[in-house]
**Student:** 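One structure, pasted below without further comment.
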Amino acid sequence: MSRDADYIDIVEENQRLKQRIRDLEQADEERARLQEALRRSEEHVRLFLTYTPAAFAMFDRDMRYVMASQRYGTDFGLDHRELLGRSHYEVFPDVPEHWKAIHQRCLAGAAEGNDEEPFPRADGHVEWGSWKIFPWHTMTGEIGGIMLFTEVITERKRLEDTLRTQAKTLLELSAPIVPISQGVLVLPLVGALDAARAQQMMESLLGKVIERQARVAIIDVTGVPHIDTSSANALLQVARAVRLLGAQVVLTGIRPEVAQAIVGLDIDLAGIATRRDLQSGIAFATTSSLPGSSP
């Protein structure tokens with residue numbers, strides 16, 4: 001009986017060992033599967049950080065870099081692979097205090113952003129950026145740090161400023177103010193008269209009236225194809241503003257169809273002298289601007 005019991009014990013032990021081996025083999029397979037999944041996940045992260053067009057960085061609660069995209073490094077002249085573990089404030093020692101306050105608010109749960117903000121650098125030049133910051137959370141739901149998406153828009157900002165300057169110059173060129181004699185200015189208008197052009201015209205004309213000490217400003221509308229309520233009111237506003245500076249407005253070049261439109265719109269041109277053409281307007285203005293004449 002003892003030999004049978006020993007045999008049974010040995011068989012059971014063998015079975016336990018075989019089961020243990022199977023468990024270990026399954027654990028090895030599971031570990032290999034998890035390692036492969038981790039490798040694929042890391043590869044996906046690497047591809048994302050390499051090829052995403054966004055400038056992206058992830059920080060822990062101490063503002064140390066957890067990851068950063070290649071574009072982030074390119075935009076700021078850095079190697080994104082060398083940022084990991086470094087403090088953001090070490091990498092950018094010139095970070096303004098208000099930015100640090102934003103970081104702290106976002107670490108506390110806020111989400112903030114700005115489509116256009118200047119960023120003065122230590123060497124004196126100014127970068128412009130668009131950015132968004134929001135917190136990221138751990139598996140337990142706690143805030144683990146913040147994520148930053150940013151875009152350097154310095155070149156775009158310069159281009160926009162250039163375009164605005166060019167647009168302003170074109171507006172000025174589309175409404176040139178010509179001094180023709182002492183105290184007389186002529187503003188020949190060509191093309192449609194919209195709100196932006198009317199505002200530019202008013203600013204330019206008022207400046208010239210003061211600069212030249214003009215007593216008469218002739219606005220010639222021969223080249224304006226159409227006058228509606230909006231453009232007529234714009235002309236009236238210009239005339240009133242010029243009169244407040246002590247000068248008179250003479251409106252010339254009103255074609256018959258434009259005159260009919262003004263009458264039909266019941267627009268009051270009281271206080272504005274009108275003449276058939278620019279030549280008649282200049283003759284009237286020259287006489288009115290002589291010493292002793294009353295405009």
Side-chain angles (χ1 to χ4, degrees), residues 116 157-295:
E116 186 177 279
K157 177 70 174 173
R158 288 173 182 163
L159 177 59
E160 289 174 351
D161 290 344
T162 299
L163 291 176
R164 275 193 293 268
T165 300
Q166 291 175 345
K168 182 178 179 181
T169 300
L170 287 174
L171 282 173
E172 291 173 348
L173 291 174
S174 69
I177 300 172
V178 182
I180 60 170
S181 66
Q182 183 64 35
V184 179
L185 301 174
V186 175
L187 173 59
L189 296 179
V190 177
L193 182 61
D194 57 20
R197 191 178 181 197
Q199 181 63 31
Q200 178 63 38
M201 178 181 72
M202 181 184 296
E203 293 174 1
S204 299
L205 185 56
L206 295 181
K208 282 294 184 180
V209 167
I210 294 174
E211 177 188 337
R212 306 286 299 192
Q213 295 184 344
R215 297 186 61 194
V216 181
I218 302 172
I219 300 177
D220 183 64
V221 296
T222 304
V224 178
H226 175 68
I227 291 183
D228 56 15
T229 303
S230 176
S231 54
N233 285 332
L235 289 172
L236 287 174
Q237 289 178 1
V238 172
R240 293 189 187 107
V242 170
R243 291 178 65 188
L244 287 175
L245 296 181
Q248 182 180 17
V249 170
V250 180
L251 195 60
T252 65
I254 299 179
R255 299 189 306 281
E257 61 272 21
V258 173
Q260 290 179 358
I262 291 175
V263 172
L265 294 170
D266 196 23
I267 295 171
D268 184 10
L269 296 180
I272 301 178
T274 59
R275 290 296 182 271
R276 181 185 308 168
D277 51 35
L278 181 58
Q279 183 177 359
S280 302
I282 291 174
F284 170 81
T286 303
T287 304
S288 299
S289 63
L290 291 175
S293 2
S294 176

**Student:** Using side-chain contact (heavy atoms from CB on, under 4.5 Å) as the criterion, list what pairs up with Arg212, not counting sequence neighbours.
**Tutor:**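 Here the qualifying residues are Pro179, Leu185.
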
**Student:** Could you list the residues that satisfy side chain to side chain donor-acceptor pair (under 3.5 Å) with Arg255, not counting sequence neighbours?
**Tutor:**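 Arg255 satisfies side chain to side chain donor-acceptor pair (under 3.5 Å) with Glu257 only.
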
**Student:** Kindly list each side-chain donor-acceptor pair under 3.5 angstrom involving residues 237-244, sequence neighbours excluded, with atom names and distances?
**Tutor:**
none

**Student:** How many angstroms lie between atom OG1 of Thr286 and atom CD1 of Ile218, to the nearest 0.5 angstrom?
**Tutor:**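 Between atom OG1 of Thr286 and atom CD1 of Ile218 there are 7.0 Å.
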
**Student:** In Å, rounded to the nearest 0.5 Å, how long is the span from OG1 of Thr274 to CD1 of Ile219?
**Tutor:**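 Between atom OG1 of Thr274 and atom CD1 of Ile219 there are 12.5 Å.
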
**Student:** Using side-chain contact (heavy atoms from CB on, under 4.5 Å) as the criterion, list what pairs up with Ile180, not counting sequence neighbours.
**Tutor:**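 Expected list: Val178, Val184, Val186, Ile282.
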
**Student:** Could you pull out all residues at least two apart from Glu116 that satisfy side chain to side chain donor-acceptor pair (under 3.5 Å)?
**Tutor:**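 With sequence neighbours excluded, Glu116 shows a side chain to side chain donor-acceptor pair (under 3.5 Å) to Lys157, given in chain and number order.
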
**Student:** Only counting residues at least two apart or in another chain, list the ones meeting side chain to side chain donor-acceptor pair (under 3.5 Å) with Arg158.
**Tutor:**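 Result, side chain to side chain donor-acceptor pair (under 3.5 Å) vs Arg158: Glu155.
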
**Student:** Quick check for you: to the nearest 0.5 Å, what is the distance between Ile210 atom CD1 and Leu205 atom CG?
**Tutor:**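 That separation rounds to 10.0 Å.
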
**Student:** Of all the heavy-atom pairs spanning Ala247 and Val209, show the shortest one and how long it is.
**Tutor:**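 Shortest heavy-atom separation between Ala247 and Val209 comes out as CB-CG1, 4.1 Å.
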
**Student:** Which value, rounded to the nearest 0.5 Å, describes the distance between Arg215 atom CZ and Gln213 atom CD?
**Tutor:**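 Answer for the CZ-CD pair, Arg215 versus Gln213, is 11.5 Å.
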
**Student:** Thr222: what forms a side chain to side chain donor-acceptor pair (under 3.5 Å) with it, not counting sequence neighbours?
**Tutor:**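 Per chain and number, Thr222 pairs via side chain to side chain donor-acceptor pair (under 3.5 Å) with Asp220.
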
**Student:** What are the two closest non-hydrogen atoms of Ala273 and Gln248, and how far apart are they?
**Tutor:**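 So the minimum-distance heavy-atom pair works out to CB-NE2, 3.7 Å.
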
